[in-house]
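Structure first, commentary second.
In this text, all values refer to a predicted model and were calculated from it rather than measured experimentally.
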Amino acid sequence: MPRRRPGALRAERGTYDGRRPPAWAWELPPVDRLSPDATAAAHWARPGRGAEIADLLNRYRTFLSGPGSPLLLVPSECPACPGCARDDVAVVRDDLGDLYRELPPVARTALGRVLRGLDAQFRRRTLPHPVPSAGGWVDWSGRPRAWWHRRLYEGD
Ligand SMILES: [Zn+2]
């Protein structure tokens, strides 16, 4: 019997600690372009998780499919409330990063692959902020913000 690559074997199992997601997790809707394994693992990670990732990826893709070149980021008019904060695609990308870190390995790998592709498009289609210090290098807690915040916004 041919030896399987360890990566292939891991991906095939699609689990947390060698356990397979329960049946219900396989019946929930697809998460963006994630494989069935990765989708089931994402749904299983926490209730509502899969749908949230699908919604965030949809927002990210919608921004990237917008007209115009370069694409300008749009600040949220209501950045303090969690729903409206996501009107800003940089916040969408933050939230995807947070969810990514919580996912079981198979789903994390799959989401990471999707994010790398979308991030490359984002870098290509947006511009670095010419005066980054004006755009907020740090968040409310004083932590430096990720590179996707330091791009050119509408009205900059
Ligand atoms: Zn609001």
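The CG atom of Asp32 sits 12.0 Å away from the OH atom of Tyr60 when rounded to the nearest 0.5 Å. Annotation: the span from Arg151 atom CZ to Arg125 atom CZ amounts to 12.5 Å, rounded to 0.5 Å.
Checking side-chain atoms of His43 against main-chain N and O of Pro29 turns up a donor-acceptor pair under 3.5 Å.
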Check your understanding: Between Leu103 and Ile53, does a side-chain contact (heavy atoms from CB on, under 4.5 Å) hold up when you go through it step by step?
Key -> CA-CA 11 Å; Leu103 287 174; Ile53 293 168; 3.9 Å; yes
Check: Please walk me through it: do Arg61 and Val114 pass side-chain contact (heavy atoms from CB on, under 4.5 Å)?
Finding: CA-CA 11 Å; Arg61 288 187 194 284; Val114 170; 3.7 Å; yes
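Under the 6.0 Å distance and 45° angle rule, Arg93 does not count as a cation-pi partner of Trp147.
Between Leu99 and Leu56, the closest heavy-atom pair is CD1-CD1, 3.5 Å. Smallest separation of non-hydrogen atoms from Ala146 and Asp94: CB-OD1, 4.4 Å. A pairwise comparison of heavy atoms in Val91 and Ala85 identifies CB-O, 3.4 Å as the closest pair. Here the closest heavy-atom approach between residue Ala38 and residue Ala107 is recorded as O-CB, 3.4 Å. Residue Leu71 comes nearest to Gly66 through the heavy atom pair CD2-O, 3.6 Å, listed as atom of the first residue, atom of the second, then distance. Nearest approach of Arg145 to Arg150, heavy atoms of both residues: O-NH1, 2.6 Å.
Sorted by first then second residue, the side-chain hydrogen bond (donor to acceptor under 3.5 Å, both in side chains) pairs that include residues 70-92, not counting sequence neighbours, are Glu52-Arg86, Arg86-Asp95, Asp88-Tyr153. Each ring pair (Phe, Tyr, Trp, His ring centres under 6.0 Å) pair with one or both residues in residues 61-119, not counting sequence neighbours, appears once here: Phe63-Phe122.
A chain of hydrophobic side-chain contacts below 4.5 Å, direct or via other Ile, Leu, Val, Met, Phe, Trp or Tyr residues, connects Leu34 to Leu115.
Side-chain contact between Leu111 and Leu57 is present, with heavy atoms from C-beta onward closer than 4.5 Å. The closest side-chain heavy-atom distance from Thr126 to Val89 is not below 4.5 Å. When side chains are defined from C-beta on, Leu28 does not count as touching Trp44, because their heavy atoms never get closer than 4.5 Å. Counting heavy atoms from C-beta outward, Trp26 and Arg20 have side chains that approach closer than 4.5 Å.
A salt bridge is absent between Asp119 and Arg123: the closest approach of a Lys/Arg side-chain nitrogen to an acidic carboxylate oxygen does not fall below 4.0 angstrom.
Members clustered with Leu72: Leu127, Leu152, by chain and number, using a 4.5 Å side-chain heavy-atom cutoff among hydrophobic residues.
Annotation for Arg33: atom CZ does not count as buried by contact number, only 12 or fewer foreign heavy atoms lying within 6.0 Å.
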